[in-house]
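Working notes, beginning with the structure itself.
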Amino acid sequence: MNLERYTQAGLVWFQWPLLTALPGLSQRIWTRHGGVSPAPYDSLNLSYTVGDEPARVQKNRALVREAMGLAELISVGQVHGCNTLILTDRQEVLAARDLGGIDILITNLPEVGLLIKQADCQAVVLFDPVQRVIANIHCGWRGNVHNVIGQAVRRLQEAFGSRPEQLYAGISPSLGPCCAEFKNYRQEFPAAFWGYQVRPGYFDLWQISVDQLRAAGLRADQIQVAGLCSRCQGEDFFSYRRDKVTGRNATVVALQA
Ligand SMILES: [Zn+2]
């Protein structure tokens with residue numbers, strides 16, 4: 001595990017040390033602890049669409065926003081696709097609240113938190129310290145198949161002139177090679193992924209994401225993998241594979257003012 005763990009007023013989160021060392025970026029990998037939702041959403045559930053009481057989700061999101069000192073917290077409906085939302089002015093932020101069908105969030109606005117909801121999927125965070133822009137990517141195994149990571153890097157290049165070799169990336173806790181079993185991988189994965197099996201039917205999705213970042217032009221020493229499995233390493237995270245009916249934790253990034 002490559003993360004640092006923090007606690008404050010019942011809330012528990014992790015950070016990537018590689019990114020903590022960079023000025024201007026706030027990043028928190030929130031655990032499920034410290035919120036107000038009861039089982040099976042206990043307790044910091046951040047999704048409105050898993051059966052939890054909306055007022056509790058609202059309270060949990062407020063806890064996250066206030067703990068990070070953010071003006072806004074952007075969360076959209078995620079669908080395992082490649083559509084991108086780019087926020088560059090405050091009016092767009094207000095309009096973004098009810099959007100769905102998006103898996104890449106990008107902004108250059110300070111104090112606007114980009115929130116990706118997770119229960120075993122990866123959040124992949126990108127930070128360009130030169131152009132001062134961030135991305136947060138929802139990447140499940142379908143996202144790896146679509147190469148949503150490469151798509152996000154291209155959007156940063158096109159919209160902000162980012163140079164991939166200047167980007168930093170963090171890959172969040174998610175389904176590890178210990179638990180990422182795909183019985184139908186011959187139908188679900190391209191043949192190029194089959195070599196990522198660590199034993200028959202089990203895949204290293206973290207390494208696939210690292211290699212997709214490298215293929216997009218990022219430097220190996222500017223990528224940090226959390227190395228923490230959401231399903232089997234403790235009870236810090238919601239896990240769809242483990243519990244089926246459960247909440248969603250989140251990874252949030254923001255540019256500081
Ligand atoms: Zn595991």
Side-chain angles (χ1 to χ4, degrees), residues 6-14 26-81 83-87 90-107 109 111-125 134-140 142-143 148 172-175 230-231 235-254:
Y6 301 82
T7 61
Q8 186 179 67
L11 293 164
V12 182
W13 70 94
F14 292 92
S26 295
Q27 36 111 8
R28 291 197 186 184
I29 301 160
W30 291 100
T31 69
R32 65 188 291 175
H33 309 304
V36 299
S37 297
Y41 311 109
D42 47 320
S43 58
L44 191 69
N45 167 49
L46 297 166
S47 172
Y48 286 107
T49 59
V50 292
D52 194 4
E53 187 68 41
R56 294 196 182 106
V57 181
Q58 195 173 10
K59 173 64 177 171
N60 289 337
R61 289 197 182 188
L63 288 170
V64 164
R65 189 176 59 74
E66 287 161 17
M68 295 184 72
L70 300 171
E72 295 283 346
L73 193 56
I74 300 299
S75 172
V76 295
Q78 304 164 178
V79 293
H80 301 280
N83 289 334
T84 307
L85 176 66
I86 299 180
L87 299 170
R90 298 281 165 186
Q91 290 306 313
E92 291 168 344
V93 171
L94 297 178
R97 284 186 177 142
D98 300 316
L99 291 177
I102 291 166
D103 292 276
I104 302 170
L105 297 172
I106 293 175
T107 192
L109 298 170
E111 297 185 331
V112 174
L114 305 179
L115 183 154
I116 291 295
K117 302 180 292 290
Q118 304 164 258
D120 294 329
C121 286
Q122 298 173 36
V124 181
V125 165
I134 52 174
N136 202 353
I137 307 161
H138 172 239
C139 182
R142 291 181 187 83
V148 65
S172 79
S174 54
L175 201 61
S230 51
R231 183 176 181 271
E235 297 279 333
D236 279 338
F237 301 100
F238 297 110
S239 172
Y240 177 78
R241 287 237 184 176
R242 186 183 61 222
D243 300 324
K244 298 302 177 197
V245 178
T246 190
R248 298 292 181 271
N249 47 269
T251 296
V252 179
V253 280

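Values reported hereafter were calculated over all heavy atoms of this structure, with side chains retained and with hydrogens, waters and symmetry mates removed.
Put simply, the side chain of S43 gets close to the backbone of G35: a donor and an acceptor are under 3.5 Å apart.
No more than 12 heavy atoms of other residues, nucleotides or ligands sit less than 6.0 Å from atom CD of Q58.
Among residues two or more places apart in sequence or in another chain, the side-chain hydrogen bond (donor to acceptor under 3.5 Å, both in side chains) test is passed with R248 by none. Residues that satisfy the ring-ring contact (aromatic ring centres under 6.0 Å, His included) test with W13, not counting sequence neighbours, are Y6, W30. Annotation: side-chain hydrogen bond (donor to acceptor under 3.5 Å, both in side chains) contacts of Q118 (sequence neighbours excluded): S172, T251. For A135, the side-chain contact (heavy atoms from CB on, under 4.5 Å) test picks out I106, L126, L156, with sequence neighbours left out. Contacts of D42 classified as side-chain contact (heavy atoms from CB on, under 4.5 Å), with partners at least two apart in sequence or in another chain: R32, A39. For S230, the side-chain contact (heavy atoms from CB on, under 4.5 Å) test picks out D120, F237, with sequence neighbours left out.
Closest of all the heavy-atom pairs between V76 and A96 is CG1-O, 4.0 Å.
Using a 3.5 Å distance cut-off with no hydrogens or angles, the side chains of H80 and D103 do not pair a donor with an acceptor. Defined by atom type and a distance below 3.5 Å, a donor-acceptor pair is missing between the side-chain atoms of S47 and D52.
The pair E235-R242 meets the salt-bridge criterion, with a side-chain N (NZ, NE, NH1 or NH2) lying under 4.0 Å from an Asp/Glu carboxylate O.
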(request) Under the side chain to side chain contact (heavy atoms under 4.5 Å, CB included) rule, what do E72 and L94 come out as? Steps first, then yes or no, please. (result) CA-CA 9 Å; E72 295 283 346; L94 297 178; 4.2 Å; yes
